[in-house]
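Counting from 1, the numbers follow the sequence of the chain as shown.
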Amino acid sequence: MSEEKKWLINHFQYSIGKTGVTIWKALQLEENFTIPDTIEGQPVVALGGGMLPPDFKNKIIKTISIPDTVQSIGSHALQFCDFSELRLP
């Protein structure tokens with residue numbers, strides 16, 4: 001079964017697979033940026049590579065919080081972000 005691409009308007013581009021949700025792209029950023037632990041009732045298990053794209057000039061984000069449901073963070077997922085604090089469970 002392949003993953004189904006979906007959009008959560010103004011927040012994330014994501015797909016739902018057998019084990020949960022992969023977030024591919026953030027569409028809206030805040031100073032205190034929190035990755036949700038669920039989307040559509042499914043656990044968020046992965047952050048895809050390049051989740052925070054360079055076109056956002058991610059200087060707005062100061063803190064990123066990642067829930068304990070996330071098992072994988074893709075290569076360069078947070079590369080273009082100039083955050084000062086990363087919160088992990």
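The two residues Pro36 and Pro67 make their nearest non-hydrogen contact at O-CG, 3.6 Å. Residues Thr34 and Phe12 share a closest heavy-atom pair of O-CZ, 4.3 Å. Ser15 and Trp24 make their closest contact through OG-NE1, 2.8 Å (heavy atoms, listed as atom of the first residue, atom of the second, distance).
Atom-to-atom distance recorded for Gln13:CD and Leu27:CG is 7.0 Å, nearest 0.5 angstrom. A distance of 5.5 Å separates CD1 in Ile66 from CG in Leu78, rounded to the nearest 0.5 Å. From Leu47, atom CG reaches atom OG1 of Thr22 across 8.5 Å, with rounding to the nearest 0.5 Å. With rounding to the nearest 0.5 angstrom, the NZ atom of Lys62 is 12.0 Å from the CZ atom of Phe83.
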> When you look at Val44 and Ile39, which way does the side chain to side chain contact (heavy atoms under 4.5 Å, CB included) test go after all the steps?
Replying inline: CA-CA 7 Å; Val44 174; Ile39 293 178; 3.9 Å; yes
> Between Tyr14 and Lys25, does a side chain to side chain contact (heavy atoms under 4.5 Å, CB included) hold up when you go through it step by step?
Replying inline: CA-CA 7 Å; Tyr14 61 93; Lys25 188 179 216 180; over 6 Å; no
> Does the side chain to side chain contact (heavy atoms under 4.5 Å, CB included) test come out yes or no for Glu85 and Ile64, once each step is laid out?
Replying inline: CA-CA 6 Å; Glu85 184 177 354; Ile64 298 177; over 6 Å; no
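Side-chain contact between Phe33 and Leu52 is present, with heavy atoms from C-beta onward closer than 4.5 Å. Contact annotation: the side chain of Thr19 approaches that of Val45 to within less than 4.5 Å [non-hydrogen atoms, C-beta and beyond]. Here the side chains of Thr63 and Arg87 are in contact, with some heavy-atom distance below 4.5 Å. No side-chain heavy atom of Ile61 sits under 4.5 Å from any side-chain heavy atom of Asn32.
Legend: side chain to side chain donor-acceptor pair (under 3.5 Å) pairs involving residues 65-76, not counting sequence neighbours, sorted by first then second residue: His76-Gln79.
Using a distance-only test at 3.5 Å, with no hydrogens or angles considered, no donor-acceptor pair links the side chain of Thr38 to the main chain of Pro43.
Glu31 meets the salt bridge (Lys or Arg N to Asp or Glu O under 4.0 Å) test with no other residue; sequence neighbours excluded. Every side-chain contact (heavy atoms from CB on, under 4.5 Å) that Gln42 has, sequence neighbours left out, goes to Ile16, Val21.
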